[in-house]
Amino acid sequence: MSKGIQTIIYPVTDLAAAKAIYTGLAGVEPYADEPYYVGYKVAGQDIGLDPNGHKSGMTGPVAYWHVDDIKASMQAALDAGAETVADVKNVGGGRLIATLKDADGNPFGLLQDA
């Protein structure tokens with residue numbers, strides 16, 4: 001089951017500059033402020049800044065669908081014609097993510113919390 005898109009991750013090359021911009025836009029300080037990730041919660045939406053995103057193949061923002069069963073959701077998307085960009089991985093605390101692309105090459109992510 002999907003809970004919809006609740007997380008958007010932006011690949012950034014200058015984390016300090018991006019943090020200044022997104023803190024101003026969000027109007028709040030980040031809830032996570034690490035050298036590898038800065039995250040904001042705004043109106044029920046997670047906005048993340050990933051300074052390693054470009055290195056891992058991100059070419060722009062990726063919207064993540066929150067799902068109950070990432071493997072089943074990934075298989076359903078693959079069966080419908082999606083392609084795997086990055087397989088399921090644990091990014092900490094039991095949170096699992098995967099990245100796929102649709103038939104037009106648009107990237108999207110799946111996210112399952114522990």
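Keep in mind that what you see is a predicted model, and the values were worked out from it rather than measured.
Salt bridge Lys19/Asp14: absent, no basic N to carboxylate O contact under 4.0 Å.
Note: Ile8 CD1 to Tyr40 OH = 14.5 Å, rounded to the nearest 0.5 Å. Taking NZ from Lys41 and OG1 from Thr7, the interatomic distance works out to 7.0 Å, rounded to the nearest 0.5 Å. The line from CG of Leu110 to CE of Met74 is 7.0 Å long, rounded to the nearest 0.5 Å. Distance check, rounded to the nearest 0.5 Å: OH of Tyr31 to CG of Asp46 gives 4.0 Å.
Between the Ser56 side chain and the Gly53 main chain, a donor and an acceptor come within less than 3.5 Å of each other. Side chain of Asp102 to main chain of Gly105: a donor-acceptor pair is present (N/O by atom type, distance under 3.5 Å, no hydrogens or angles). Of the possible donor and acceptor atoms, one in the side chain of Gln112 sits under 3.5 Å from a partner among the backbone N and O of Ile70. The backbone N or O of Gln6 lies less than 3.5 Å from a partner atom in the side chain of Gln45, making a donor-acceptor pair.
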Steps toward side chain to side chain contact (heavy atoms under 4.5 Å, CB included) verdict (Lys89, Ile97): CA-CA 6 Å; Lys89 68 178 178 178; Ile97 64 166; 4.0 Å; yes

Evaluation steps, side chain to side chain contact (heavy atoms under 4.5 Å, CB included), between Leu100 and Glu83: CA-CA 5 Å; Leu100 300 97; Glu83 293 180 38; over 6 Å; no

Steps toward side chain to side chain contact (heavy atoms under 4.5 Å, CB included) verdict (Leu78, Thr84): CA-CA 8 Å; Leu78 293 170; Thr84 302; 3.5 Å; yes

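Both Val91 and Met58 belong to a single network of hydrophobic side chains, linked directly or stepwise wherever heavy atoms of I, L, V, M, F, W or Y lie under 4.5 Å apart. Clustering ILVMFWY residues whenever any of their side-chain heavy atoms sit less than 4.5 angstrom apart, transitively, puts Val42 in the very cluster that holds Leu25. Hydrophobic clustering of Ile, Leu, Val, Met, Phe, Trp and Tyr side chains at less than 4.5 Å, counting indirect connections, unites Tyr22 with Val38.
Between the side chains of Thr13 and His54, no donor-acceptor pair is found at a separation under 3.5 Å.
Within a 6.0 Å sphere centred on NZ of Lys71, other residues, nucleotides and ligands contribute 12 heavy atoms or fewer.
The six-membered or imidazole ring of Tyr64 lies away from that of Phe108, with a centre-to-centre distance of 6.0 Å or more.
When each of Ile47, Thr23, Leu49 is checked for a side-chain contact (heavy atoms from CB on, under 4.5 Å) with Pro30, only Thr23 meets the rule.
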